[in-house]
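Structure, as structure tokens:
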Amino acid sequence: MHGIAIIVPMVHQQRSQARLSPSSDTKDTEDIVSLLAPRLAHFAGVARTEHVTRAAQEMQVPQSTLSRAMVRLEQDLGVDLFARRGRTVSLTPAGRTFLNSVERALAEIERAAEEVRADADPATGKVAFGFLHTMGAETVPGLIHAFRADHPRVRFSLVQNYGEAMLEKLRAGELDLCLTSPVPDAPDLVARRLDEQKLRLVVPADHPLASRRRIRLAEAADETFVTLEPGYGMRRITDDLCKEAGFRPRIAFEGEEAETLRGLVAAGLGVALLPPPAFPRPGVVELTVTAPRAAREIGVAWLDGHPDTPPVAAFKKFLLSRRGNLLPA
């Protein structure tokens, strides 16, 4: 036995419907699994003690309930699991085979229970947190460092991805929270705007525009652009800003990561609209865009109606408290 006391009220079933036979199909198997599952801990307790009375006392189950449960278990399986001598029992070969699998199943249940309890622990629990690639070098490490000043043992599972992929992970239950841009507007999500990040036109250091400090985006209408791939939030923002400036960008290269695009710009392969880098990149010049207004909103999103564990609730509260002060100065 593995230290689990499972006390489940017995549900009277018609055994002839639940008995597993050689001709059973998948539905019959599902029925027998749902019927047997509450009885596995009872069976393991009786098998371990080889005494119904002692097992009943240890598991705090009435002896009569336990005895009936074992009889029903054998009837539902169609196999004798015990050889009985009064209240003392011993496993049959079939019972011993069944016990090996039952103990593994109970151990796995115990491990899963311990894991989810540990993840929900207010002091040492886990937060599954997603964020954009562009926030991984400086913003997110700074946020986690500040949060852990008051929650030093909270653990994080970190996922870097583009916005739409993170929202799908939220919906699948793989993330608790994510920082993304644009701020999503979907009925199944809750999103809060936290900050705004200005975008720059990045040009090669030897480009004719490199001597400028400011530029209207329309002045780059004849340039070749390098951008993130379709589906990325920055790609959508780039397309929208260029449209607002009166042109459709000529795209030579598409990538998945902002710093890779900066490298392409440095190599003279085009220009790009990007958020500021965490560290200056040689070979490029970053120009302030004066028109149209070039910025992206950063927000935090979570699944609507999804209950928060204490560590997730604490980190969500922390992120919301950083509204207007999320990004490094």
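Salt-bridge check for D240 with R236: failed, with every basic side-chain N at 4.0 Å or more from each acidic carboxylate O. R171 has no carboxylate O lying under 4.0 Å from a charged side-chain N of E174, or vice versa, which leaves the two without a salt bridge. A salt bridge does not link R281 to E286: none of the charged side-chain nitrogens sits closer than 4.0 Å to a carboxylate oxygen. Between R323 and D195, no side-chain nitrogen of the basic residue sits less than 4.0 Å from a carboxylate oxygen of the acidic one, so the salt-bridge criterion is not met. Using a 4.0 Å cut-off between charged side-chain N and carboxylate O, E103 and R48 make no salt bridge. Between E114 and R117, no side-chain nitrogen of the basic residue sits less than 4.0 Å from a carboxylate oxygen of the acidic one, so the salt-bridge criterion is not met.
Under the rule for a side chain to side chain contact (heavy atoms under 4.5 Å, CB included), the partners of L269 that lie at least two apart in sequence or sit in another chain are F253, L264, A267. A search for salt bridge (Lys or Arg N to Asp or Glu O under 4.0 Å) contacts involving E256 returns nothing, not counting sequence neighbours. Under the side chain to side chain contact (heavy atoms under 4.5 Å, CB included) criterion, R153 pairs with A123, T124, sequence neighbours left out.
Proximity of R248 to C242: side-chain heavy atoms (C-beta onward) are nowhere separated by under 4.5 Å. E223 places a side-chain heavy atom less than 4.5 Å from the side chain of H207. Between V271 and P204 the shortest side-chain heavy-atom distance falls below 4.5 Å. The side-chain heavy atoms of I237 and S181, taken from C-beta on, include a pair separated by under 4.5 Å. Inter-residue side-chain proximity for D176 and V312 is flagged as met; some heavy-atom pair is nearer than 4.5 Å. Contact check for V52 versus Q63: side-chain heavy atoms found under the 4.5 Å cut-off. Side-chain contact between L175 and F129: absent, with no pair of heavy atoms (C-beta onward) separated by less than 4.5 Å. A 4.5 Å side-chain heavy-atom check between R235 and I251 finds at least one atom pair inside the cut-off.
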Starting from the C-alpha separation in whole Å, work towards a yes-or-no answer on side-chain contact (heavy atoms from CB on, under 4.5 Å) for F43 and L91. CA-CA 11 Å; F43 164 75; L91 288 169; 4.1 Å; yes
Test R85 against E50 for salt bridge (charged side-chain N to carboxylate O under 4.0 Å, His left out), laying out the working first. CA-CA 10 Å; R85 296 183 298 277; E50 295 191 331; over 6 Å; no
Do L326 and M135 pass the side-chain contact (heavy atoms from CB on, under 4.5 Å) test, and can you show the C-alpha distance, the side-chain angles, and the key distance before you say yes or no? CA-CA 10 Å; L326 182 78; M135 311 194 81; 4.2 Å; yes
Residues T238, R296; criterion side chain to side chain donor-acceptor pair (under 3.5 Å); working and verdict: CA-CA 10 Å; T238 296; R296 65 171 181 172; over 6 Å; no
Working for side-chain contact (heavy atoms from CB on, under 4.5 Å), residues V300 and L320: CA-CA 8 Å; V300 59; L320 294 174; 4.0 Å; yes
Taking it one step at a time, do F131 and V159 satisfy side-chain contact (heavy atoms from CB on, under 4.5 Å)? CA-CA 6 Å; F131 52 92; V159 174; over 6 Å; no
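Side chain of R200 to backbone of P276: no donor-acceptor contact under 3.5 angstrom is found. With hydrogens and angles ignored, the 3.5 Å screen pairs a side-chain donor or acceptor of E74 with a backbone N or O of L81. A distance-only check finds no donor-acceptor pair linking the side chain of D119 to the backbone of K126 [under 3.5 Å]. With R250 contributing its side chain and F225 its backbone, the two residues share no donor-acceptor pair below 3.5 Å. For T49 (side chain) and G45 (main-chain N/O), a donor-acceptor pair under 3.5 Å exists by modelled atom type. No donor-acceptor pair closer than 3.5 Å links the side chain of H151 to the backbone N or O of V154.
The hydrophobic cluster containing L177 does not contain V116, counting ILVMFWY residues as joined when their side-chain heavy atoms lie under 4.5 angstrom apart, directly or transitively.
Side-chain contact, R84 with S67: no donor N or O sits under 3.5 Å from an acceptor N or O. Remark: the R214 side chain and the T290 side chain contain no N/O donor-acceptor pair separated by less than 3.5 Å. For the 3.5 Å distance criterion, the side chains of S101 and R104 qualify, holding a donor opposite an acceptor.
For the atom pair L194 CG and S321 OG, the distance stands at 9.5 Å (nearest 0.5 Å).
Among L261, T260, T134, the one residue that satisfies the side-chain contact (heavy atoms from CB on, under 4.5 Å) test with L228 is L261.
By the neighbour-count criterion of 12 heavy atoms within 6.0 Å, atom CG of D222 is sparsely surrounded, having that number or fewer from other residues, nucleotides or ligands.
Between F315 and F318, the angle of the ring planes stays under 30°, which puts this pair in the parallel group of the 30/60° scheme.
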